[in-house]
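Taking it in order: structure first as structure tokens, then the write-up.
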There are 2 protein chains.
Amino acid sequence: MQPRRTNPERAEATRAALLEAARALFVEKGYAKTSTPEIVEAAKVTRGALYHHFADKPDLFRAVLEREAQAVADEIEAAASPGPAPRAAVIAGSLAYLDAMSVPGRTRLLLVDGPAVLGPSEIASIDEAHAARSLREGLEAALGPKPRAFSIPAMTALLSAAFDRAALAIEAGSDPAAFRSAMISLVERVVPPA
Amino acid sequence: MQPRRTNPERAEATRAALLEAARALFVEKGYAKTSTPEIVEAAKVTRGALYHHFADKPDLFRAVLEREAQAVADEIEAAASPGPAPRAAVIAGSLAYLDAMSVPGRTRLLLVDGPAVLGPSEIASIDEAHAARSLREGLEAALGPKPRAFSIPAMTALLSAAFDRAALAIEAGSDPAAFRSAMISLVERVVPPA
DNA sequence: CAAATAACATACAGGCTGTATGTATGCAAC
DNA sequence: GTTGCATACATACAGCCTGTATGTTATTTG
């Protein structure tokens, strides 16, 4: 607890406190019903600090989301290393995605409030930079270059949406096994065995 | 323009004016950035009238959404009459859904702002009462009672999400033909021919 | 050590939501 | 037909929230 702290240290500490407090409140009450006075109180800073680090409330939300999307992408990468069996890698990545999205709050942040606050196009670009990219590359590796009845980017988007809905349903209390198996069944029909 | 109007007439007229004005503004600027003063100005009534007819702003939004979901469901029903060919009916209903969702504003209302404002569970129940129910019944008719690798309600939810993403992508400017064919391809893999 | 700057803190203006209260018109009973 | 009530609004107000503008303190730099 030295009162002697370097400037980047102070800044990073308050930034982290704001991100953590904001994440917790956005998850608990949703973006719209969370006020900046609440956030700064939980983070034990003032609104001046918030508006010093972030342009506005959506900008803070965006920062929370990018962290979260990065964490999800990391978990997928760890599980679905693109080895010699691309089909197995896609299925492993699929289950890893559902596991990653079961971390409390992630569905609300990334799938519910995110599109409304930042717009579906910005969410799509965050997604394409993280989780969806893994899926697309997995499909390309598993399907090869021969002609197909569908475009890979389009099918990636459709499957990605199905993944999201599965995560939401599981979060809402549906049977996880039922949605996991339905999702795998869907992927297997798109990527035929060998 | 007789100043002599019956009470139910007056009420229904202002209700309709509010719903129409609100829909237009929610579509143009989104729910969060649309204020009730704006809405009542466009509808040429006062905020007193709004809060007389609707409990609060989310309640007005819900009324707009229910109308919209009903309209979508009607278009699907018209196209996918469950005749003797259940597989063809599912495919016809699929294309009808994408057409219905191409009416300007519907994706934003039903797929973007809806889940954030009313919560995904309430949106899911509105959907199950309208469009998703058609799809589930179509799948049941097309797949029959024999055992499958997946549960029909779960697969209905996943396909429904893929439909929604296709509608969003088309709205965002992606190639409609690519998404239509990818979507049909997905449905065909779930519902094998005959 | 002095000036400049980063990192906040405080104060304020404008706008929005929901409620409480007031009013006029249709309506129903007598 | 008039009296009383309910419906359908209209107006006014209180509280909160967002973003900005300005002030203050600690750190860094020349």
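So that the names make sense, note that chain A is the first sequence line, chain B the second, and so on, each numbered from 1. In what follows, every heavy atom counts, from backbone to side chain, and hydrogens, waters and symmetry copies are set aside. Keep in mind that this is a model prediction, so the values were computed, not measured.
One interatomic measurement links the two molecules: CD of B:E12 to P of C:dG26, which rounds to 18 Å at whole-angstrom precision. Between the CZ atom of B:R15 and the C1' atom of D:dT7 there is a distance of 15 Å, rounded to whole Å. Look at NE2 on B:H53: it is 12 Å from P on D:dT7, rounded to the nearest Å. Atom CG in A:D59 sits about 16 Å away from atom C1' in D:dT20, given to the nearest Å. Here the C1' atom of nucleotide C:dA7 and the CG atom of A:L18 are 12 Å apart, to the nearest Å. Regarding A:L50, its CG atom lies at a distance of 12 Å from the C1' atom of C:dC8, rounded to whole Å. Between the CZ atom of A:F54 and the P atom of D:dT20 there is a distance of 16 Å, rounded to whole Å. Here the C1' atom of nucleotide C:dG26 and the CD atom of B:E9 are 12 Å apart, to the nearest Å.
Contacts between residues 32-42 of chain A and DNA chain C, defined by a heavy-atom separation under 4.0 Å, are absent.
In terms of phosphate contacts, A:T14 brings no side-chain nitrogen or oxygen within less than 4.0 Å of OP1 or OP2 of C:dA7. Taking side-chain N and O atoms only, A:H52 has a distance below 4.0 Å to OP1 or OP2 of C:dA7.
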Under 3.5 Å donor-acceptor pairs involving side-chain atoms of residues 39-50 of chain A, not counting sequence neighbours:
residue : atom : partner : partner atom : Å
A:T46   : OG1  : A:G48   : N            : 3.4
A:R47   : NE   : A:T36   : OG1          : 3.1

For residues 24-34 of chain A, please give each side-chain donor-acceptor pair under 3.5 Å, one per line with the distance, not counting sequence neighbours.
residue : atom : partner : partner atom : Å
A:K29   : NZ   : A:E38   : OE1          : 3.2
A:K29   : NZ   : A:E38   : OE2          : 2.3
A:T34   : OG1  : A:L25   : O            : 3.2
A:T34   : OG1  : A:G30   : O            : 2.6

With a cut-off of 3.5 Å and sequence neighbours excluded, list every side-chain donor-acceptor pair involving residues 174-181 of chain A.
residue : atom : partner : partner atom : Å
A:S174  : OG   : A:A169  : O            : 3.3
A:D175  : OD1  : A:A177  : N            : 3.2
A:D175  : OD2  : A:A178  : N            : 3.4
A:S181  : OG   : A:A177  : O            : 3.2
A:S181  : OG   : A:A178  : O            : 3.2

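With sequence neighbours excluded, the residues forming a ring-ring contact (aromatic ring centres under 6.0 Å, His included) with B:Y97 are B:F163, listed by chain and number.
Judged by distance alone, the side chains of B:S185 and B:R189 do bring a donor and an acceptor atom under 3.5 Å apart.
Ion pairing between a basic and an acidic side chain is recognised when a charged N comes within 4.0 Å of a carboxylate O; A:R108 and A:E171 show no such pairing. Under 4.0 Å is where a charged nitrogen must lie from a carboxylate oxygen, and between A:R62 and A:E66 no such pair does.
Between the side chain of A:R10 and the backbone N or O of A:R5, no donor-acceptor pair lies under 3.5 Å. For B:R148 (side chain) and B:K146 (main-chain N/O), a donor-acceptor pair under 3.5 Å exists by modelled atom type.
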Measure all distances between protein nitrogen or oxygen atoms and nitrogen or oxygen atoms of nucleotides 2-6 of chain D, and list the pairs falling under 3.5 Å.
none

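The listed nucleotides are D:dA10, D:dT18, C:dC27; the one nearest the side chain of B:V45 is D:dA10. Among the nucleotides D:dC9, D:dA12, C:dC8, the one closest to the side chain of B:R47 is D:dA12. For B:A11, the side-chain atoms get nearest to D:dA8 when compared with the rest of D:dA8, C:dC8, C:dT17.
If you check distances only, the side chain of B:R10 never reaches the base of C:dG26 with a donor-acceptor pair under 3.5 Å.
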